[in-house]
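Heads up, the thing below is written out as structure tokens.
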Protein chains: 2
Amino acid sequence: MSEHLIRKLGQFTTLSDSDRDAILAACGGKRRRIDPREDIIREGENPTHVNLILDGWACRYKQLRDGRRQIISFLLPGDLCDTHVYVLREMDHSIGALTPVTFAEISRETLNRITAEHPRITHALEWDALVTAAIQREWTVNLGRRIAAERLGHLLCEIFIRLRGVGLTEGHSYILPVTQADLGNAMGLSSVHINRTLQELRGCGLIVLKGRQLTIPNLAALQTASLFNPNYLHLGRGGR
Amino acid sequence: MSEHLIRKLGQFTTLSDSDRDAILAACGGKRRRIDPREDIIREGENPTHVNLILDGWACRYKQLRDGRRQIISFLLPGDLCDTHVYVLREMDHSIGALTPVTFAEISRETLNRITAEHPRITHALEWDALVTAAIQREWTVNLGRRIAAERLGHLLCEIFIRLRGVGLTEGHSYILPVTQADLGNAMGLSSVHINRTLQELRGCGLIVLKGRQLTIPNLAALQTASLFNPNYLHLGRGGR
DNA sequence: CGGTCAGTTGAGAACTTTCAACATGGGTGG
DNA sequence: CCACCCATGTTGAAAGTTCTCAACTGACCG
């Protein structure tokens, strides 16, 4: 199950068998499973360990007093919830499940041990943290300066590449297991407008959506239409 | 000049004289000064050292092919450009000056030395990095789910608290040295709409703007109107 | 004094939201 | 097995927000 993380980090550096075993062992600990709409951790709570998504989609989100909800980022299989949270006293946002989610709880001690004994993993985790920050910055651009169709197209490109990195795409397709309302909460749009924007993208032939299966027949075309530049995902194998 | 950084970190932990001296020494190296609209570093370039803003306002920004520009974050005196950039091969965004800016270039070696010898600084820098990430997340919420007046009000609250943390406020006021166009590029709004929104905030008595001096007569009122919750700035002195 | 930049204003256009109704499909209880 | 329920997706139309364009003002500078 934690092969997703191994595979993700493998995009940046070459992990040894010992590195791989260490990751597998770290994920062997406590494991939890929750239903959609349940929270992994809530704003205001004190984080005690680092969570690794093993299966399903979760999200960071914030809810305003009057009920408006914004999804801040998607957490896909292989994603870690920041490795340094315990420096802070309390969460400033919540993490919730969008689908049934299985995740592992990794203790601070386990993480420290890995960091001490596996410099390559440490380095890869630094890369992962920087990419995560870059994704958040790109979302700022997305929400600030792209119109609905570009914005949604951009997200679909980003998710395709992220899922491909952990082996969860099939050809040009992947499973998009979230509702249109979720997409709206992530893109700062209403669910009605998401619906119409999806139709627009379908109408242009940029995507094919059958139930929950999304196909991007021509990734380059969708990227161009969405002003998507993958440089921020830093897939160039900087490591080693 | 680098007292701003010392003061900022002092919000989180108590630095020793030796810690303070180490920071001052680190900033004693190469120092550069640039004019507004010039870049400190450009997208695609290879970052070789960490920059510390000593004076003036800079910003991270991205420009789309068709010229649309989004400011991703403001860099204020005392702000460091991420301490781990050198893990990546190239910048995925640019950093540019909004006013005349003085900054120090801190080499990777210097930073490593500080990290090795001053655990309290290291810890405080971790806190600073987490707060920076939290700010970026909050901007996602801001752009996604707040209307113009709330959005701008939220930014003005955030900047007030950040500037106060480095000693750059005077009573209820601070200098807002950027143009309305800059504010628009940061908030995902047109400069025309920024202008009207500022008038709206002034009309409600939430802000007073005389030239470049901004006064927030009643911070709590502006916070309430903007749905601003300062928890994400993590000022609770978690450290020690 | 002319030029440039930042700020201001008005009006129409474009984009997005809201509301309300309806369609579809899977799951549950009778 | 069917009826019903509920969540999700779809559609239309009006309302609201924000943008664009274009003109104009004021301040500063050479």
Side-chain angles (χ1 to χ4, degrees), chain A residues 35-38 57 64 66-71 96-100 142-155 175-203 207-214 225-227, chain B residues 35-38 57 64 66-71 97-100 142-155 175-203 207-214 226-227:
Chain A
D35 287 328
R37 289 159 206 274
E38 286 185 349
W57 285 34
L64 301 183
D66 63 2
R68 277 177 279 179
R69 174 185 164 96
Q70 175 70 38
I71 290 179
L98 296 170
T99 69
N142 213 13
L143 291 169
R145 282 291 178 242
R146 273 184 264 255
I147 62 171
E150 296 165 350
R151 201 183 295 181
L152 190 49
H154 192 281
L155 176 70
I175 302 300
L176 183 69
V178 299
T179 66
Q180 295 184 356
D182 292 330
L183 291 174
N185 285 331
M187 296 287 92
L189 298 167
S190 68
S191 61
V192 172
H193 203 57
I194 289 288
N195 184 289
R196 292 178 172 136
T197 306
L198 282 170
Q199 291 179 43
E200 186 185 338
L201 293 176
R202 270 190 298 220
I207 64 170
V208 178
L209 192 50
K210 276 189 205 135
R212 311 239 110 155
Q213 184 183 47
L214 179 87
S226 310
L227 293 90
Chain B
D35 287 329
R37 289 159 208 272
E38 286 185 349
W57 286 34
L64 302 184
D66 63 2
R68 278 178 278 179
R69 176 185 162 96
Q70 176 68 37
I71 289 179
L98 296 170
T99 69
N142 214 13
L143 292 170
R145 282 292 179 241
R146 273 185 265 255
I147 62 172
E150 297 165 348
R151 201 184 295 181
L152 190 49
H154 192 281
L155 176 71
I175 302 301
L176 183 68
V178 298
T179 66
Q180 295 184 356
D182 291 330
L183 291 173
N185 286 330
M187 296 288 92
L189 298 167
S190 68
S191 61
V192 171
H193 203 58
I194 290 287
N195 183 289
R196 292 178 172 136
T197 305
L198 282 171
Q199 290 179 42
E200 186 185 338
L201 292 176
R202 270 191 296 223
I207 63 170
V208 177
L209 193 51
K210 278 189 203 132
R212 310 239 112 156
Q213 184 183 48
L214 179 86
S226 311
L227 292 91

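So you know, we letter chains A, B, ... as the sequences are listed, proteins then strands, and number each from 1. For the numbers below, each heavy atom of this structure counts, side chains included, while hydrogens, waters and symmetry mates do not.
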When we call it a touch if two heavy atoms are under 4.0 Å apart, what does [X] touch: a base, just sugar-phosphate, or nothing?
X        : result
A:Gly211 : nothing
A:Ser190 : base
A:Arg212 : sugar-phosphate
B:Gly188 : sugar-phosphate

In whole angstrom, what separates [X]'s [atom1] from [N]'s [atom2]?
X        : N      : atom1 : atom2 : result
B:Leu201 : C:dT8  : CG    : P     : 13 Å
A:Leu189 : D:dT18 : CG    : C1'   : 14 Å
B:Arg68  : C:dC15 : CZ    : C1'   : 13 Å
B:Ile194 : C:dT9  : CD1   : P     : 15 Å
B:Leu198 : C:dT8  : CG    : C1'   : 12 Å
B:Gln213 : C:dG7  : CD    : P     : 16 Å
A:Arg146 : C:dC15 : CZ    : C1'   : 17 Å
B:Leu98  : C:dA6  : CG    : C1'   : 15 Å

Would you say that B:Leu152 contacts B:Glu200 through its side chain, given a criterion of any heavy-atom pair below 4.5 Å between the two side chains?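 Counting from C-beta outward, B:Leu152 and B:Glu200 never come under 4.5 Å.
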
Assess whether side chain to side chain contact (heavy atoms under 4.5 Å, CB included) is satisfied between A:Leu183 and A:Leu176, documenting all intermediate values. CA-CA 10 Å; A:Leu183 291 174; A:Leu176 183 69; 4.3 Å; yes

Where each residue is assigned the nucleotide of DNA chain D containing its nearest heavy atom, which of B:His193 and A:Arg196 is assigned the position nearer the 5′ end?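 So the residue in question is A:Arg196.
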
Determine: side-chain N/O of [X] to OP1/OP2 of [N], distance under 4.0 Å, yes or no.
X        : N      : result
A:Asn195 : D:dT10 : yes
B:Gln180 : C:dC5  : no
B:Gln199 : C:dT9  : yes

Considering only D:dT20, C:dA6, D:dT18, which nucleotide approaches the side chain of B:Val192 most closely?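 My answer, after comparing the listed nucleotides, is D:dT20.
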
Heavy-atom pair with the smallest gap, counting every atom of [X] and [Y]:
X        : Y        : answer
A:Arg68  : B:Ile147 : NH1-N, 4.1 Å
B:Ile175 : B:Trp57  : O-CZ2, 3.9 Å
B:Leu189 : B:Ala148 : CD1-CB, 3.8 Å

